[in-house]
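What follows is a short report on a single structure.
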Amino acid sequence: MATIELQKVEKKFGANHAVKPMDLTIADGEFVCLLGPSGCGKTTTLRMISGLEAVTAGKILLNGKNVTWSHPSERDIAFVFQFYALYPHLNVYDNIAFPLRAEGEKKEAVESRVNEVVDILRIEHLLKTKPGKLSGGDKQRVALARALVRRPAAFLMDEPLGALDAELREAMRAEIKQLHVAQNATTVYVTHDQVEAMALGDRIVVMSDAVVQQIGTPAEVYYDPANLFVANFIGSPGMNLIAGKLHDGRVQVAGGVDTIPVPVGYRNTLPAALNGAGDVTIGFRPESAILADDGDIAGEIYAVDMHGSYKLLHINIGNGATSGIVHVRADRMVTFPIGSAVRFSIDPKMMRFFDPQSKQAIQQEVTQ
Amino acid sequence: MTVSTQAQIQAAGQAQPQRKRRELSDRAIVNLFIWPTLILLIAWNFFPLIYSLFLSFTDYSAIANKPPQWVGFKNYADILTDTQMWKYFATTGRYALVTVGMQTILGFSLAVLVREKFRGSGLVTTLILIPMMLSPVVVGLFWKLMYNPSFGYFNFLLGFGNPVNAPDMLAGRFANVPVPNLALWAVALVDIWMWTPFVMLLVLSGLKAIPDYLYEAAAIDRASSWFQFWRITVPSVMPLLMIAILFRTIEAFKSFDLVMGMTGGGPGDQTELIAVNLYRQAFLGQWRTGRASALAYLILIIIIAISNLYIRYINKANED
Ligand SMILES: Nc1ncnc2c1ncn2[C@@H]1O[C@H](COP(=O)(O)OP(=O)(O)O)[C@@H](O)[C@H]1O
Ligand SMILES: [Mg+2]
């Protein structure tokens with residue numbers, strides 16, 4: 001239905017950048033999540049795509065057509081607002097019918113289209129109700145219905161589930177995913193919840209401080225974060241990041257005697273990237289650590305969280321002067337007394353390296 | 001506060017049989033506050049209301065030195081069968097319709113204009129509000145001067161130099177030829193001038209309460225400005241507009257000071273609004289207190305009936 005392309009799009013409020021120049025190409029039917037902490041410019045980006053906010057510089061293309069300076073009504077997009085923005089004086093039916101009536105649709109056409117989306121979202125019983133009397137989840141459904149009813153080329157959603165409680169959020173997440181699968185409409189979805197972004201997005205745009213940090217599939221941003229921010233922000237808890245030093249093809253964890261062999265993919269790139277200095281940040285996911293008596297890294301159990309199907313160990317790998325907690329996933333059946341010594345290795349395939357100066361990831365060499 | 005807290009503490013510690021000090025119970029405090037107010041209310045509002053209701057069924061005159069004689073519904077019947085009275089009611093209705101109608105249209109338009117922020121919009125808003133802050137008697141007096149056919153500004157601004165072939169608004173004449181209802185519209189114009197700001201003020205506060213995101217949602221929904229105005233702006237402001245209209249309608253039916261100051265009901269009975277006539281019957285030479293009371297009650301009934309229609313509408317709008 002629609003492709004969306006941002007070329008060097010930026011937004012300044014006064015002297016401050018809300019969004020620094022940003023490039024993004026969204027394919028037809030794609031579900032893209034804008035993810036980042038509050039205040040990083042997600043909403044502003046979405047509002048610029050919709051036309052509710054004028055760009056400071058750059059170009060926005062919709063289906064290849066330059067719409068940078070077009071009014072929102074000329075862009076054929078629907079926007080689901082963070083706090084729904086339902087018309088308070090109109091009942092649910094009239095709210096959903098609003099975009100159709102605004103276009104001067106005939107009464108019968110309005111009725112059949114409204115009934116269609118009302119069916120999809122299962123809100124028949126609410127048609128006569130005013131928004132003020134609806135629950136959060138129902139308001140959200142009505143807002144989605146109003147967006148769907150015009151069959152727009154693209155959907156823009158600003159934290160549509162942000163105001164719902166956790167349980168409902170999960171159910172509505174599934175509904176939105178289902179809707180997307182059924183409609184296959186290009187969707188840009190803003191959220192600060194990385195779980196939501198991972199669950200929904202075909203691709204995720206990770207933003208921080210008005211800057212795009214990484215654009216990639218959920219797997220890419222999870223396993224191959226482009227920089228320390230993404231590594232830390234994605235996953236709960238985020239990637240373990242420990243300081244290390246490279247020498248003689250092995251990495252030494254800061255403060256410790258244990259060394260780790262440099263994984264195959266990094267044998268050449270790591271020394272080249274570090275340029276002789278040797279300081280490096282090692283990253284690994286909690287599930288990429290393997291507990292073993294002859295593990296490369298030694299530590300002490302600091303705390304244990306039971307997560308149901310697994311345990312999350314907080315292991316202090318510091319050595320006297322320094323302290324460093326890493327998270328490691330462990331079997332739920334094994335007991336780990338606090339204070340006891342453990343050793344673990346990192347799955348070499350899952351080990352990542354970052355330049356502590358530039359905070360950027362060090363690339364692996366492409367092996368086939 | 002402290003007294004009632006102590007009372008509670010004492011109530012809690014029931015074991016102590018004797019009280020050290022005489023204290024007021026909560027109930028006594030409640031009575032202490034409520035009764036003076038109630039008595040004042042009864043003396044000032046309730047008693048005159050009931051007493052005038054009683055008088056409306058008598059032939060009482062405030063200057064006659066004799067007690068009221070019960071005449072039943074005679075006063076009411078007299079008024080309702082008096083064609084002259086019906087004419088005054090009709091004049092009042094016309095006056096109310098025109099003034100409230102114009103105030104609504106103009107007040108709404110002004111509010112929409114003033115809502116937009118422009119340089120000095122605050123000052124303009126304040127200036128527009130001045131007429132309604134003036135005393136009606138003062139307004140009546142200076143409009144009387146403005147309307148003066150020989151030296152008034154009104155004719156001057158309309159471009160009439162010679163008073164002989166110019167309108168004399170308050171006398172209801174144009175170049176000395178009587179124009180029907182001219183004086184009534186002249187007074188209505190002043191009422192409109194004075195009270196349009198009131199409607200504007202209420203509508204303006206309604207407009208300012210409409211959140212921007214509704215217009216953003218409407219822009220996304222591809223609604224034209226016209227569609228947004230009728231489907232968002234007007235319905236959002238409607239409850240406050242209705243309250244403004246309700247207030248103005250009630251005031252229009254009670255209109256007295258402005259008319260009295262400008263024409264005193266004349267020329268002839270052209271501007272004899274019902275409240276002016278009421279005053280005439282009650283005081284000016286006639287002193288028919290009983291009949292005037294009956295008329296006052298009839299006006300009250302009309303106002304209550306009209307208010308009820310509005311209030312029902314407002315409640316219905318708020319309900320669903
Ligand atoms: N209308 C505005 N005027 C001034 N600053 C704004 C405005 N809108 C947003 N900002 C600023 O731009 C930055 C990004 O805001 P926003 O896009 O809303 O972030 P997010 O949606 O990611 O939480 C914030 O620092 C915010 O304060
Ligand atoms: Mg936001």
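Throughout, protein chains are lettered first and strands after them, A, B, ... in sequence-line order, and every chain is numbered starting at 1. Atoms considered below: every heavy atom in the structure, side chains included; atoms not considered: hydrogens, waters and symmetry mates. This is a predicted model, so every value here is computed, not measured.
Note on B:R231 versus A:D94: no salt bridge recorded, every NZ/NE/NH1/NH2 to OD/OE distance being 4.0 Å or above. For A:R47 and B:E216, the salt-bridge test passes: some basic side-chain N is under 4.0 Å from an acidic carboxylate O.
Contact annotation: the side chain of A:S73 never approaches that of B:D221 to less than 4.5 Å [non-hydrogen atoms, C-beta and beyond]. A:H89 is not listed as a side-chain neighbour of B:M238, based on a closest heavy-atom distance of 4.5 Å or more. A 4.5 Å side-chain heavy-atom check between A:S50 and B:I220 finds at least one atom pair inside the cut-off.
Listed by sequence position, the residues of residues 5-18 of chain A in contact with chain B number zero, using a 4.5 angstrom heavy-atom cutoff.
Contact annotation for A:L86: only backbone heavy atoms (N, CA, C, O) come within less than 4.5 Å of a heavy atom of chain B. If you measure heavy-atom distances from A:Y87 to chain B, the contacts under 4.5 Å come from both the backbone and the side chain.
Scanning all heavy atoms of the two residues, the minimum distance from B:A223 to A:A102 falls at CA-CB, 3.7 Å.
Checked against a 6.0 Å centroid threshold, the rings of B:F227 and A:F98 count as neighbours.
For A:W69, the CH2 atom counts as densely surrounded, since its 6.0 Å shell holds more than 12 non-hydrogen atoms of other residues, nucleotides or ligands.
For the set A:R75, A:R101, A:H71, the entry with the most heavy-atom pairs within less than 4.5 Å of chain B is A:R101.
For residues 237-256 of chain B, the ring pair (Phe, Tyr, Trp, His ring centres under 6.0 Å) pairs, not counting sequence neighbours, are B:F256-B:Y279.
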